[in-house]
Q: 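The structure follows.
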Amino acid sequence: METDFSQIDQLVAEGWESRLNNITRGKNLSEQALQLAETASYTLGIMRSKRNLAAIHNAMHDYEQGLTYVHQAFMLLNEEETPSDAFDIYLLAAAVYVRLGNIPKAISYCYKAEDLPIIEGNPARKAELYKTVGNAYLTVQEYETAVSYYHQARAMYQSIGDIEGEIIILNNLCHCLHHSGKFDEALQYGHLGLDLYKTQNNKISIKRVYGYNLNNVGTTYNKAGRYNEAPPYFEEALNVFKQDEDVYGEVYSWRGLGAISLHNKDYDEAISRFKQSLSLAQKSGVTTELILTNRTLARAYKEMAQYENALIYFEKFYDLEKSIINDDIEKRIRNLEATHRVQQAQKESEIYQLKSVELQKEIDERKKAEDQLQTYAQELERSNKDLENFASIVSHDLQTPLRKIMVYSDRLQDSYANNLDERGLNYLTRMQAAATRMQQLINDLLTLSHVSTQKQTFTPVPLKEIAQDVLIDFELVINEKEANIKIDDLPQIEADATQIRQLFQNLIGNALKFHQPNLPPVIEIEGKVIKKKKQEWCRLQIRDHGIGIDEKYRERIFKLFERLPTETETKGSGVGLAICQRIVERHNGTIQIESKLNQGTTFIVTLPLKQS
């Protein structure tokens with residue numbers, strides 16, 4: 001007898017519906033659902049409850065906790081059984097990573113959502129996707145790209161009559177355009193959003209969107225120098241956020257009003273408003289808002305020539321900047337960037353003299369960091385040896401059960417295929433394909449670990465001979481596809497012959513895979529010796545006339561596990577080009593790509609003729 005989970009499902013559904021328009025209710029319902037689902041060991045209920053809580057904590061600006069819930073939901077997600085949940089969680093992950101500033105990660109989750117079959121013919125989901133991608137590009141200040149995605153999202157929302165969705169996009173357009181300095185356009189979209197809200201507010205449940213729209217219009221007037229027109233928008237926004245208990249929105253409004261007072265040189269009122277903003281930011285616990293508000297107060301006191309007070313808030317801004325990244329290495333980098341920004345501000349005012357002692361301490365710390373870097377290099381060498389041993393062990397331990405899966409699935413195919421129905425055969429085929437992909441991935445990862453950890457053994461390597469040997473390996477594929485491959489005279493270099501062979505295999509293999517449909521592959525391999533920085537280099541070009549790569553994907557191709565969307569059925573592990581990059585870097589060279597969609601791709605590899 002099946003267990004009745006209807007009560008849990010009802011709580012989950014109500015929590016999801018309340019996630020934006022009543023965050024407190026949505027949180028309580030979702031936490032209650034999670035407790036019941038865990039008691040009943042109801043996996044789907046646990047996953048959906050954690051999905052809800054991820055969305056709610058993201059809306060509360062508690063991004064770290066939101067990210068925790070996202071990854072917990074991922075662990076329980078079955079993408080094929082619940083593609084709708086998969087779409088929601090992928091977009092949630094993207095939204096959280098946007099807020100945390102990890103844009104490559106955010107975009108990668110957007111692509112995963114876009115690959116789901118459920119998105120086809122579903123304008124509501126496409127609109128959500130385009131909005132999230134637009135937010136990601138806005139964060140990295142690629143404003144034109146962001147605006148393009150926002151317009152696509154707006155068109156989708158309009159096609160299905162989703163007024164709330166359209167208002168959100170109009171607000172995003174206002175926000176994006178005022179950041180890019182297009183104030184007239186920003187005001188146009190901001191007022192469109194406000195007017196649409198006022199005429200349709202009986203159909204809209206998310207009141208705070210109206211508040212954020214008011215704030216963005218007020219901010220646009222401030223940035224455009226039209227300070228006298230901004231106050232009503234910030235004041236009305238404050239009322240909206242107080243009713244909606246949105247502290248984050250109030251922070252934004254008070255800071256906008258403070259900027260107006262500062263412009264009017266009403267310093268007492270400006271400081272009072274900025275401190276009100278800071279008090280609310282501390283209450284909300286949103287670190288980015290604390291950073292912005294402390295920096296705003298520091299600059300206000302600096303303008304008032306109150307340098308001691310300015311120093312206090314610069315110090316708080318500086319300390320917060322250093323605390324926002326948890327990873328030790330990234331934290332060091334961020335600290336240096338934050339230090340540089342503070343020092344630049346100090347050089348522009350008398351604070352520079354007040355800070356001389358602290359600056360000397362920072363210099364001493366950097367010298368200490370250089371010593372630590374030497375220690376890290378030694379530890380890295382030891383770590384590489386451990387990694388190589390670990391990779392070999394893991395490869396063996398993974399491949400042994402994998403071989404059994406492949407052997408027994410082959411036996412099942414040979415002996416019982418006639419007894420399976422169409423669905424069973426489909427499951428079997430998919431299992432075999434997954435095992436094959438897993439084997440390829442293990443082999444590629446082992447290759448990658450060897451590239452990263454093997455000791456350098458450079459000897460004279462004739463590149464043309466290596467390339468010709470690789471063509472022999474591809475002989476069956478070349479004949480099958482009637483490929484035309486031309487190899488010019490290539491120089492001899494000092495290199496690791498095994499890894500250079502791997503480099504040619506990956507690049508030529510890609511060119512054979514991604515050729516124009518119904519046309520034989522055409523591949524040209526050229527090489528010439530060039531001089532730069534008083535050293536001789538080999539400049540290799542591996543050119544094809546294949547399907548090419550869209551401009552928007554070119555930054556991703558050398559990243560680990562990246563597989564770009566194509567119209568072909570060709571699959572890969574997403575490791576091959578990462579291996580190429582590691583090989584080239586190990587040889588103190590560079591690898592670049594030139595490509596146009598449907599016109600072909602050229603990989604340009606530059607390697608020193610002799611290793612110093």
Side-chain angles (χ1 to χ4, degrees), residues 1-100 105-106 108-110 112-119 122 124-125 128-129 132 164 205-206 244-245 285 398 401 405 420-421 423-424 426-428 430-431 434-435 438:
M1 179 177 178
E2 291 188 4
T3 307
D4 184 7
F5 297 126
S6 58
Q7 180 189 2
I8 298 173
D9 290 337
Q10 182 66 26
L11 288 169
V12 168
E14 291 179 8
W16 183 250
E17 288 298 319
S18 304
R19 70 190 185 281
L20 295 177
N21 58 355
N22 191 332
I23 292 175
T24 303
R25 180 172 184 270
K27 185 171 184 288
N28 291 337
L29 289 170
S30 299
E31 287 175 344
Q32 186 181 349
L34 178 59
Q35 185 176 1
L36 291 172
E38 288 178 335
T39 302
S41 299
Y42 177 29
T43 303
L44 188 62
I46 297 171
M47 181 269 289
R48 287 177 173 164
S49 299
K50 292 191 172 185
R51 174 206 63 186
N52 288 9
L53 289 167
I56 288 162
H57 280 277
N58 188 41
M60 294 166 61
H61 314 290
D62 185 1
Y63 307 121
E64 293 293 345
Q65 186 60 52
L67 187 62
T68 299
Y69 278 121
V70 162
H71 285 297
Q72 289 175 357
F74 271 136
M75 293 176 66
L76 302 170
L77 175 66
N78 185 321
E79 181 180 303
E80 293 185 356
E81 289 186 5
T82 55
S84 180
D85 293 326
F87 180 87
D88 291 335
I89 295 171
Y90 283 142
L91 275 203
L92 271 172
V96 174
Y97 276 116
V98 166
R99 292 293 189 176
L100 290 172
K105 199 79 170 176
S108 72
Y109 279 111
C110 288
K112 289 180 180 180
E114 189 175 27
D115 287 340
L116 292 170
I118 193 173
I119 198 173
N122 192 326
R125 292 195 179 278
E128 288 182 67
L129 175 66
T132 305
E164 276 189 358
S205 59
I206 309 173
D244 205 47
E245 298 182 354
L398 286 176
I405 292 171
L420 296 175
D421 60 14
R423 178 180 292 182
N426 181 37
Y427 288 160
L428 179 59
R430 289 165 67 180
M431 179 178 71
M438 183 64 178

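When a residue number appears, it is its place in the shown sequence, counting from 1.
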Q: Working to the nearest 0.5 Å, report the span between NE2 of His57 and CG of Leu67.
A: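 The CG atom of Leu67 is 12.5 Å from NE2 of His57, to the nearest 0.5 Å.
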Q: Taking atom CG of Leu129 and atom CD of Glu114, what is their separation to the nearest 0.5 Å?
A: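 Reported value, rounded in 0.5 Å steps: 5.5 Å.
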Q: Do Arg430 and Glu80 have side chains that get closer than 4.5 Å, going by heavy atoms?
A: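 Sidechains of Glu80 and Arg430: in contact.
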Q: With rounding to the nearest 0.5 angstrom, report the CD1 to CE distance, Ile46 to Met75.
A: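 So the CD1 of Ile46 and the CE of Met75 are separated by 11.5 Å.
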Q: Leu44 vs Ile8, test: side chain to side chain contact (heavy atoms under 4.5 Å, CB included). Steps then yes/no.
A: CA-CA 10 Å; Leu44 188 62; Ile8 298 173; over 6 Å; no
Q: Which heavy-atom pair separates Leu91 from Ala113 by the least distance, and what is that distance?
A: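 Shortest heavy-atom contact: CD2-CB, 4.2 Å.
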Q: Is any side-chain heavy atom of Ile89 closer than 4.5 Å to a side-chain heavy atom of Met47?
A: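 Yes, side chains in contact.
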Q: Considering non-hydrogen atoms only, spot the tightest contact between Leu53 and Glu31 and give its length.
A: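 Looking at all heavy atoms of both residues, the closest pair is CD2-CG, 3.8 Å.
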Q: Do you know which two heavy atoms are closest between Arg125 and Asp88, and how far apart they sit?
A: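 That closest heavy-atom pairing would be NH1-OD1, 3.3 Å.
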Q: Which atom pairs, donor and acceptor, lie under 3.5 Å between side-chain atoms of residues 10-18 and protein residues at least two apart or in another chain?
A:
from  : atom 1 : to    : atom 2 : distance (Å)
Gln10 : NE2    : Glu14 : OE2    : 2.7
Ser18 : OG     : Glu14 : O      : 2.9
Ser18 : OG     : Arg25 : NH1    : 2.8

Q: When you look at NZ of Lys112, are more than 12 heavy atoms from neighbouring residues, nucleotides or ligands closer to it than 6.0 Å?
A: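 More than 12 within 6.0 Å, yes.
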Q: Do Asn58 and Tyr69 have side-chain N/O donor and acceptor atoms under 3.5 Å apart?
A: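 No, Tyr69 and Asn58 have no side-chain donor paired with an acceptor closer than 3.5 Å.
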Q: Quick one: does Tyr90's side chain get under 4.5 Å of Leu116's, heavy atoms only?
A: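 In contact.
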Q: Please round to the nearest 0.5 Å and tell me the distance separating atom OG of Ser49 and atom OH of Tyr42.
A: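 The OG atom of Ser49 sits 9.0 Å away from the OH atom of Tyr42.
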Q: State, with a plain yes or no, whether a side-chain heavy atom of Arg423 is found less than 4.5 Å away from one of Tyr427.
A: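 When only atoms from C-beta onward are counted, Tyr427 and Arg423 do touch, with a gap below 4.5 Å.
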Q: Measuring only between side-chain heavy atoms, which start at C-beta, is Leu36 closer than 4.5 Å to Phe5?
A: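 Counting from C-beta outward, Leu36 and Phe5 never come under 4.5 Å.
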Q: List the atom of Ala106, the atom of Val98, and the distance in Å for their closest heavy-atom pair.
A: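 Here Ala106 and Val98 meet closest at CB-CG2, 3.6 Å.
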Q: Drop me the distance from Ile119's CD1 to Glu128's CD, to the nearest 0.5 angstrom.
A: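 Going from the CD1 atom of Ile119 to the CD atom of Glu128 covers 9.0 Å.
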Q: Quick one: closest heavy-atom pair of Arg48 and Asp85, and the distance?
A: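 Closest heavy-atom pair between Arg48 and Asp85: NE-OD2, 2.8 Å.
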Q: Nearest 0.5 Å, please: how far is OG1 in Thr43 from CD in Glu38?
A: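 Interatomic distance, Glu38 CD to Thr43 OG1, rounded to 0.5 Å: 10.5 Å.
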